[in-house]
Amino acid sequence: MSTAPSYDIVVFGATSFVGQILAKYLVDYLAQQPEPVRWAIAGRSAAKLDELKRSLGPQGQSLPVIVADAANEAQLRDMCAQTRVVVSTVGPYALYGEPLVKVCAETGTDYCDLTGEAQWISKMIAKYEGAARQSGARIVHCCGFDSVPSDMGVYFLQQQFRQQFQAPATEVKMRVRSMKGGASGGTVASMVNVVSEATKDPALRKELRNPYSLCPPGHGQTARQRPVTGAVFDEDFKGWVAPFVMAAINERVVFRSNALSGLAYGADFTYSEGMLTGAGAKGRLGALGVVGGLGGFMLGVAFKPTRAVLERFVLPKPGEGPSPQQQLNGRYDLRFFGRSALGQTLRVKVTGDRDPGYGSTSKMLGQAALSLALDHVQGGVKVGRGGGFWTPATMFDERYIARLTRHAGLGFEV
């Protein structure tokens, strides 16, 4: 690009459920910062964008607006020409996300989002990684609850491990100790889309069974992974564990981080996620209940007639989600256990002060965009990672963890 872009960050899909929370967060956060950050909101409806500006109070009145449709490549190119970073909240990404990733990859515009759709990410890497490397575009998917706490949690644990034992933890487990928060229609729509795609596509079903599906060819990881698929007793946590619905994306992102960092966690690194349900008979019953509930949901959305009933009467619609009060009252507490090849162990915890999917996700995503725009640029020139598709733990570093702990309500501690 010949001239310097007008903006540091553009929030694309600003009128979506998460987009509105993100815009509010950025308005409040940036009002407290000494250095000005130039940013704009973008979406397909000028009227809705104006309505959003009004809802953001006096600070939002001066926000520039860019009208661009997710399906209109010319409008997306015009938007990308005006900014250094685009943060996208337009999901399900498998349905609406590709044109923007394509344009960012081709124009050298840095990009982050909050997708948790592994099959779509895999497709984007295959199609556009070459273009992103050439243009210098740094594409970072999964900058929300999936998969920042998991990916940065493992990164943090591995840092502590190297400091204490001068070696990586070759086995890591993440267990959800507690979590409180509701789902939005957008997240549910993404999950429903994956399940309905998988029922029709045997190749996709095979891909979803491969824990290394997001790793580059010849990634060199050799361990046979053992994901939590039923109710199991975990000796290291002295309690029963059930499957965790986000594990499917989080585990793959962590394995990609290991691959992209030159097997920093080891070639035989294993990682799994699950939900703690307690000890004894009560814990076992709780774990079995989660297994039954998840199985029923997957079965329900796999068949068209039951899916239609669930979408009409049970599941939240796109644009719907937890109320501001529910977001405020939400929280999560994730526990990580690491073990080295020599048997040394370490535990860390990652906590969040809002509901995971929205209140906390919007803050993690906002700080990811700010980190891309400010921490990885010097004198208007990109520094650090070159172009390509990165994970949170390979694009970001201690500065992002500092942002999360100071400004996004997360805690990382041994």
Side-chain angles (χ1 to χ4, degrees), residues 85 87 101 104-105 108-118 120-122 124-126 128-162 168-170 172 174 211-221 223 246 249-267 269-271 273 336 338 348 350 364-365 367-377 382-404 410 412:
V85 177
V87 50
V101 170
C104 285
T109 310
D110 288 349
Y111 166 100
C112 58
D113 67 23
L114 51 84
T115 186
E117 299 157 67
W120 178 72
I121 296 169
S122 172
M124 295 304 96
I125 293 168
Y128 304 115
E129 178 141 54
R133 282 183 177 171
Q134 206 171 350
S135 72
R138 300 172 299 191
I139 313 279
V140 195
H141 296 301
C142 308
C143 293
F145 184 64
D146 28 59
S147 300
V148 166
S150 300
D151 202 27
M152 296 311 292
V154 173
Y155 172 91
F156 177 76
L157 180 140
Q158 295 287 8
Q159 278 192 314
Q160 304 304 312
F161 227 92
R162 284 189 180 282
T170 50
V172 178
M174 186 283 272
Y212 300 121
S213 66
L214 294 183
C215 294
H219 55 82
Q221 292 176 91
M246 304 296 189
I249 180 64
N250 293 341
E251 289 168 1
R252 283 163 176 76
V253 169
V254 169
F255 296 136
R256 181 168 172 82
S257 290
N258 189 31
L260 295 182
S261 57
L263 303 183
Y265 310 159
F269 172 70
T270 63
Y271 179 67
E273 297 193 346
F336 293 78
V348 305
V350 176
M364 289 185 261
L365 184 59
Q367 291 299 335
L370 287 159
S371 190
L372 270 175
L374 305 176
D375 300 338
H376 300 272
V377 172
K382 295 181 189 188
V383 293
R385 293 293 191 189
F389 281 69
W390 300 102
T391 58
T394 52
M395 181 67 228
F396 304 122
D397 52 30
E398 294 80 5
R399 291 170 295 179
Y400 184 49
I401 289 180
R403 284 180 171 280
L404 295 175
L410 270 75
F412 290 78

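As the structure is a prediction and not an experimental result, all values here were calculated from the model. Residues take their numbers from the sequence shown, with the count starting at 1.
With sequence neighbours excluded, the residues that form a salt bridge (Lys or Arg N to Asp or Glu O under 4.0 Å) with Arg403 are Asp375. Here Tyr111 pairs with Asp113 under the side-chain hydrogen bond (donor to acceptor under 3.5 Å, both in side chains) rule; sequence neighbours left out. Residues satisfying the salt bridge (Lys or Arg N to Asp or Glu O under 4.0 Å) test with Arg162, not counting sequence neighbours, are none. By the ring-ring contact (aromatic ring centres under 6.0 Å, His included) test, Phe161 is found to be paired with Phe165, residues two or more places apart in sequence or in another chain being considered. Residues forming a ring-ring contact (aromatic ring centres under 6.0 Å, His included) with Tyr128 (at least two apart in sequence, or on another chain): none. Considering only residues two or more places apart in sequence or on other chains, Thr394 meets the side-chain hydrogen bond (donor to acceptor under 3.5 Å, both in side chains) condition with Thr391. With sequence neighbours left out, the salt bridge (Lys or Arg N to Asp or Glu O under 4.0 Å) criterion links Arg252 to no other residue. With sequence neighbours excluded, the residues that form a side-chain hydrogen bond (donor to acceptor under 3.5 Å, both in side chains) with Gln221 are Asn258. Residues that satisfy the ring-ring contact (aromatic ring centres under 6.0 Å, His included) test with Phe255, not counting sequence neighbours, are Tyr212. Under the side-chain hydrogen bond (donor to acceptor under 3.5 Å, both in side chains) criterion, Tyr265 pairs with no residue at all, not counting sequence neighbours.
Applying the salt bridge (charged side-chain N to carboxylate O under 4.0 Å, His left out) test to pairs two or more places apart or on separate chains, those with a residue in residues 136-157 are Asp110-Arg138. Within the structure, salt bridge (charged side-chain N to carboxylate O under 4.0 Å, His left out) contacts touching residues 387-402 (residues at least two apart or in different chains) are Asp397-Arg399.
Side-chain atoms of Trp120 do not come within 3.5 Å of backbone N or O of Gly116 as any donor-acceptor pair.
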